[in-house]
Amino acid sequence: MADSEDNVTSLHLKSLLQMDPYLKPFEKDFQRRYGLFEKQLALLEEAEGGFDQFTSSYNSYGVQRMPDNSLFFKEWAPAAEALFLTGDFNAWNNFSHPYTKKEFGKWELHMPPKEDKTPAVTHSSKLKVVVHTRAGERLYRISPWAKYVTQHEKAVIYDWVHWDPPQPYIHKHPRPQKPRSLRIYESHIGIASPEGKVASYSNFTHNVLPRIKDLGYNCIQMMAIMEHAYYASFGYQITSFFAASSRFGTPEELKELIDVAHSLGIIVLLDVVHSHASKNTEDGLNCFDGSDSCFFHSGPRGVHSLWDSRLFNYSSWEVLRFLLSNLRWWTEEYRFDGFRFDGVTSMLYHHHGIGTGFSGDYAEYFGLQVDEDSLVYLMLANHILHALNPDCITIAEDVSGMPTICRPVKEGGLGFDYRLSMAIPDKWIQILKEFKDEDWNMGNIVFTMTNRRYGEKCIAYAESHDQALVGDKTLAFWLMDKDMYTNMSALIPMNSVIDRGIQLHKMIRLLTHSLGGEGYLNFMGNEFGHPEWLDFPRVGNNESYHYARRQFNLLDTDHLRYQQLYSFDRDMNRAEDKYGWLAAPPAYVSAKHEGDKVIVFERANVIFIFNFHPTNSYSNYRVAAGPAGKYKIKLDSDETQYGGHGRLDHNTDFFTEPLGFCDRPNSMMVYIPCRTAIVLANEEIDYC
């Protein structure tokens with residue numbers, strides 16, 4: 001471990017400034033940030049013996065069973081006057097088991113085993129920390145390090161349940177290799193069923209994982225795993241950071257899910273929320289020791305005005321211990337392969353992005369508005385995660401466009417592997433809402449798809465969970481709306497609404513997949529054109545689960561056209577797996593013709609042709625090509641199996657001519673039906 005911890009070299013700004021000379025005026029900012037990062041690493045080495053021990057604090061905090069079956073309890077509660085442990089084990093006596101106060105606000109309690117040598121607190125029994133404040137209050141709290149919490153039927157408050165199963169789940173399968181191309185299936189366990197209820201980890205393992213494998217996705221991004229008291233928060237108001245949500249099942253069932261995913265060659269990322277925390281006190285982190293601060297900033301700086309949640313104090317030593325250990329806990333205990341960090345924009349700036357429109361002016365990303373405490377935390381997190389597991393994948397959800405988020409820490413970057421291309425789904429929704437088909441601007445679409453920082457990898461997506469939330473709707477529903485209720489049968493001819501929707505749904509996804517980034521993301525169910533929107537049970541909808549489910553039953557009804565969209569999504573992913581365009585350099589766009597509504601580009605020696613025109617088909621349409629040779633159709637959105645019209649002959653050979661076109665050395669003539677996307681591969685190139 002010492003080798004990996006020493007593997008931090010001095011700042012290498014030269015390559016960064018060569019790549020982007022416009023960052024030169026901010027050289028001192030990069031030097032200061034990196035200096036703060038180096039200082040924190042040095043302090044960790046000095047005070048804790050390095051980050052290995054520091055980030056393993058889940059092995060000493062909370063509750064630990066020792067080799068002799070004695071129990072050791074430890075908490076950080078700097079503002080508390082006294083701490084006691086109560087629970088089923090002592091018939092809820094509030095005073096019989098006091099913690100001993102240690103330095104730096106720590107509290108410890110040692111509990112010997114029972115006479116029969118078994119632990120004094122049994123598996124699945126309930127516990128509470130009793131906090132006595134300096135103001136004379138007595139508060140009942142859940143340990144911030146609790147590994148399992150449950151909600152009893154109609155109860156409002158969660159209970160801390162001691163989780164120490166006699167036969168813990170043992171992982172059987174190794175982690176898969178880091179994929180060269182990232183194809184992400186964004187998932188929520190609770191809605192992963194057609195039934196109107198909260199679905200389970202086991203349901204996902206047995207019924208959803210096989211679909212994901214068949215579709216060709218090699219990565220699952222799991223939402224709402226960290227425990228959250230309010231189901232309708234979509235998992236973004238965390239109450240217990242070390243606990244896997246019990247509403248879906250047990251920790252062992254989640255471990256099995258990830259293990260089975262690994263056996264299928266699928267990696268699993270956790271949607272981690274370290275940008276804020278729930279305001280809950282009795283079953284959350286808020287006011288754990290009776291003070292306004294503890295894990296958070298005190299006063300207005302500690303509250304997010306839009307999210308009504310608490311904001312972490314990233315300059316606090318114990319907060320760093322808690323959050324960095326939390327990341328390691330999920331990777332070590334559950335074997336997650338990486339993280340999608342939620343709310344990074346809120347973390348990076350003191351204004352949290354509220355009321356701020358980012359124009360792209362570099363001055364917006366430096367200076368006093370930047371919260372360098374949280375920025376350094378993210379640098380530490382990425383450095384440590386990648387030192388512990390070089391194949392770890394981290395993704396930043398940042399809407400601001402902060403430069404160098406996805407550059408290595410040693411260059412002054414934040415060290416993320418990818419960032420989300422959040423402008424792309426917004427563009428598609430804007431186009432569908434505001435423009436007639438004949439008014440779509442090809443140049444503007446291409447600009448949105450390709451407008452990303454060189455050398456910083458992006459995850460492209462046409463829609464995620466955000467676009468489907470109540471108040472909005474899925475792309476399929478934007479395209480086809482109420483016609484989806486009555487006209488999706490393949491036993492009847494398509495009407496014009498369904499025809500348009502089916503064709504554009506495929507084209508939008510393929511264009512995003514092939515041009516928009518270095519990774520691709522799809523939210524579960526949207527691959528087959530899931531109708532309507534998402535809405536969790538709440539008072540405002542009479543606690544209904546009707547929209548809090550994924551209607552896989554539509555896909556399993558053979559005569560419905562959802563199967564056609566599913567098949568296209570599957571074959572699109574399989575084509576990418578073969579040709580590897582996501583792992584290739586950015587595309588060369590040779591055509592974006594406004595009158596013809598045609599886009600043509602080349603990536604990974606594959607030619608992509610899109611004809612968005614609603615009525616015009618083109619015969620003998622010249623398209624540019626790089627490598628000479630014979631090209632064949634490898635993916636065709638107009639195939640009848642995908643709900644198309646079958647207008648292309650797949651036996652056709654397309655031979656290039658040495659006729660330069662659009663700055664490419666070769667070109668060829670093709671037939672492009674209206675509302676069709678075609679992928680052509682060169683038969684003379686070995687794509688393996």
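Just so you know, residue 1 is the first one in the sequence shown, and it goes up from there. Basis for what follows: all heavy atoms, side chains included, without hydrogens, waters or symmetry-related copies.
- In this model, no donor atom of one side chain and acceptor atom of the other lie less than 3.5 Å apart for K28 and Q31.
- Ring centroids of Y579 and F608 are separated by 6.0 Å or more, keeping the two rings apart.
- Ring planes of F312 and F296: tilted class, angle from 30 to 60°.
- For F234 and H465, the ring centers are positioned less than 6.0 Å apart.
- Ion pairing between a basic and an acidic side chain is recognised when a charged N comes within 4.0 Å of a carboxylate O; R175 and D391 show no such pairing.
- Looking at H274 and Y314, their side chains never bring a donor and an acceptor atom within 3.5 Å of each other.
- Ring centroids of F322 and F242 are separated by less than 6.0 Å, placing the two rings close together.
- Ring to ring, F435 and W440 are not that close: their centroids are 6.0 angstrom or more apart.
- Donor-acceptor pairing under 3.5 Å is recorded for the side chains of W317 and E48.
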Applying side chain to side chain contact (heavy atoms under 4.5 Å, CB included) to L327 and L385, what does each step give before you reach the verdict? CA-CA 8 Å; L327 294 173; L385 286 170; 4.1 Å; yes
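- Of the N and O atoms on the side chains of T474 and N526, not one donor lies less than 3.5 Å from an acceptor on the other residue.
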I'd like to know whether F416 forms a side chain to side chain contact (heavy atoms under 4.5 Å, CB included) with I395, so could you lay out the CA-CA distance, the side-chain angles of the two residues, the decisive distance to 0.1 Å, and finally the verdict. CA-CA 6 Å; F416 284 97; I395 302 171; 5.8 Å; no
Y365/V370 under side chain to side chain contact (heavy atoms under 4.5 Å, CB included): CA gap, chis, key distance, verdict: CA-CA 7 Å; Y365 307 120; V370 176; 5.6 Å; no
